[in-house]
S.K.: 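Handing you this structure, nothing more for now.
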There are 2 protein chains.
Amino acid sequence: MKKGKRISDAVIRRLPKYYRYLGDLISSDINRISSSELSKLTGFTASQIRQDLNNFGGFGQQGYGYDTKRLHVEIGKILGLDKKYKVIIVGAGNIGQAIANYAGFYEEGFEVLALFDKNPKLIGLKIRDIEIKDVDDLAAFIKRNEVEFGVICTPKETSQDMADILTENGIKALWNFAPLDIKVPEHVSIEDVRLNESLYTLTYYYSRNNENTEE
Amino acid sequence: MKKGKRISDAVIRRLPKYYRYLGDLISSDINRISSSELSKLTGFTASQIRQDLNNFGGFGQQGYGYDTKRLHVEIGKILGLDKKYKVIIVGAGNIGQAIANYAGFYEEGFEVLALFDKNPKLIGLKIRDIEIKDVDDLAAFIKRNEVEFGVICTPKETSQDMADILTENGIKALWNFAPLDIKVPEHVSIEDVRLNESLYTLTYYYSRNNENTEE
DNA sequence: CCTCCATTATTAATATTTTAACAATAATTA
DNA sequence: TAATTATTGTTAAAATATTAATAATGGAGG
């Protein structure tokens with residue numbers, strides 16, 4: 001990466017889309033793409049794509065374009081997808097189970113070591129060979145296994161407490177599905193999946209599009 | 001809303017957070033809040049909050065602040081949450097079931113009429129009294145029930161086809177969980193939930209925070 | 001091996017978004 | 001009821017992000 005320059009969050013959030021389309025292109029045995037072709041696929045402007053990629057150094061070649069395989073690898077590195085992650089999921093309800101079941105998760109190097117729940121009916125069950133354990137064993141398990149990634153799928157009320165246990169025991173990244181703003185120490189990264197906010201955005205646009213046509 | 005002025009997507013995506021905190025405040029019997037107090041809660045600046053709200057007309061009062069109940073109602077209206085929506089979910093896998101099970105969905109006026117799947121093992125089962133139906137009956141069901149909202153929880157490969165069936169039969173809003181860019185007619189609203197992109201954003205920030213401290 | 005072409009990398013211009021400043025005004029207090 | 005205070009609504013300034021323009025350069029073709 002070019003030294004010193006801060007990369008904006010907007011740029012980072014476009015990278016996964018490039019990464020996905022590059023994967024698709026590679027699967028189709030296409031090994032070269034220009035920014036304008038990638039623009040057609042992604043919907044971002046060619047100019048923006050070139051600028052985004054240039055934040056991290058020149059991956060393209062003038063007069064030629066970008067090598068899909070190389071660019072895929074490079075963006076993967078930028079996003080940290082060249083590493084393996086040990087993950088635990090807290091809350092083995094629907095969302096927690098869905099995440100545990102999601103195959104793509106494993107393919108990209110995320111290894112779910114365990115799910116945790118407080119419901120005795122769930123404890124002991126297995127999802128895809130992953131055991132649901134008692135939430136009381138959470139702290140010890142994280143320490144023993146040096147887990148670095150946690151997924152919060154608990155109800156709103158208990159999520160902050162769960163997050164505290166996770167971060168106090170060394171977890172450095174939280175993927176939060178609970179609808180609240182979790183407070184974490186400065187060195188911990190957190191990313192929220194806000195399903196409600198996404199849904200309400202949809203209802204807004206839907207309502208606006210259909211303002212005059214409703215019964 | 002003030003006439004003519006276009007509201008940016010960024011503004012819209014902040015509204016649900018205001019809405020959530022206002023709900024919390026009302027639950028705590030707090031019926032008045034200033035933009036600076038709301039700033040502390042949400043993390044947005046007071047100035048931004050005032051500007052956001054002013055896009056839709058002045059809901060506050062100088063020297064006083066905002067009435068939490070009124071503002072909650074008004075934002076709800078803007079987001080279209082004052083209406084009921086008939087919803088179907090296509091794909092009754094983990095995510096589809098998780099959405100169907102999510103109680104908050106019903107509280108805000110979303111009524112899930114049915115789930116659809118092509119897996120004979122799932123067809124006929126019920127999630128929360130909602131039947132999983134054969135995907136072959138999709139088109140007829142949408143027309144008969146005048147469904148307006150569709151949730152796509154199918155695998156990447158079939159999602160575009162499912163979306164086509166939905167929009168051809170009158171569905172005007174799609175909430176898409178499949179990791180691809182679905183093409184829809186212009187009058188149809190679509191909102192994507194991109195779990196992969198969210199996760200990769202997290203790995204990016206995590207990696208950057210821990211660049212120098214890894215084994 | 002030279003020329004031309006395509007396409008990037010980079011700089012400049014534009015547009016958008018955010019933040020700050022302040023004037024207007026309702027509520028509170030004396 | 002007048003003065004004071006708090007806080008909005010609104011305008012202006014600053015910061016950021018996007019788009020456009022162009023100079024640089026490697027590759028393909030003759």
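Order of the sequence lines sets the chain letters (A, B, ...), proteins ahead of strands, with each chain counted from 1.
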S.K.: Tell me, do A:V193 and A:N176 make a side-chain contact under 4.5 Å, heavy atoms counted?
M.R.: no

S.K.: Check whether any side-chain N or O of A:R6 sits under 4.0 Å from OP1 or OP2 of D:dA15, and answer yes or no.
M.R.: no

S.K.: Rounded to the nearest Å, what distance is computed from the CD atom of residue B:E74 to the P atom of nucleotide D:dG9?
M.R.: 12 Å

S.K.: Decide if the gap between the ring center of B:F59 and the ring center of B:Y66 is smaller than 6.0 angstrom.
M.R.: no

S.K.: To the nearest Å, give me how far apart CG (B:N55) and P (C:dT17) are.
M.R.: 10 Å

S.K.: Please report the distance, rounded to the nearest Å, between OH in A:Y18 and P in C:dT8.
M.R.: 12 Å

S.K.: Rounding to an integer number of Å, can you tell me how far B:I33 CD1 sits from D:dA6 P?
M.R.: 17 Å

S.K.: How long is the line joining CD of A:Q48 and P of C:dT14, in whole Å?
M.R.: 19 Å

S.K.: Tell me whether the count of non-hydrogen atoms from other residues, nucleotides or ligands lying under 6.0 Å of NZ in A:K86 goes above 12.
M.R.: yes

S.K.: Would you say A:S35 reaches C:dT7's phosphate, i.e. side-chain N/O to OP1/OP2 under 4.0 Å?
M.R.: no

S.K.: Within the 4.0 Å limit for protein heavy atoms, which parts of nucleotides 21-30 of chain D are touched? Write it as a string from 5' to 3', B for base, S for sugar-phosphate only, - for none.
M.R.: B--BBBS---

S.K.: Within the pair B:Y66 and D:dA6, is there a side-chain N or O less than 4.0 Å away from OP1 or OP2?
M.R.: no

S.K.: Using only side-chain N and O atoms of B:T45, determine if any of them is under 4.0 Å from OP1 or OP2 of C:dT19.
M.R.: yes

S.K.: Quick test of your reading of the model: are A:D52 and A:R14 salt-bridged, counting only N-O distances below 4.0 Å?
M.R.: yes

S.K.: May I ask you to test the A:Y200-B:R20 pair for a side-chain heavy-atom distance under 4.5 Å?
M.R.: no

S.K.: Kindly point out which of C:dT19, C:dT17, D:dT18 is positioned nearest to the side chain of B:Q51?
M.R.: C:dT19

S.K.: Quickly work out the B:I7 CD1 to C:dT17 P distance and round it to whole Å.
M.R.: 11 Å

S.K.: Would you mind reading off the distance between B:F44 atom CZ and C:dT17 atom P, rounded to a whole angstrom?
M.R.: 15 Å

S.K.: Is it true that A:T45 and A:S47 share a donor-acceptor pair across their side chains at a distance under 3.5 Å?
M.R.: no

S.K.: Over how many whole Å does the gap from B:F59 atom CZ to D:dG9 atom P extend?
M.R.: 9 Å

S.K.: Give the nucleotide from the list D:dT7, D:dT18, C:dT18 with an atom nearest to the side chain of B:A10.
M.R.: C:dT18

S.K.: Give a yes or no on whether the backbone of A:I7 and the side-chain of A:N55 come within a donor-acceptor separation of less than 3.5 Å.
M.R.: no

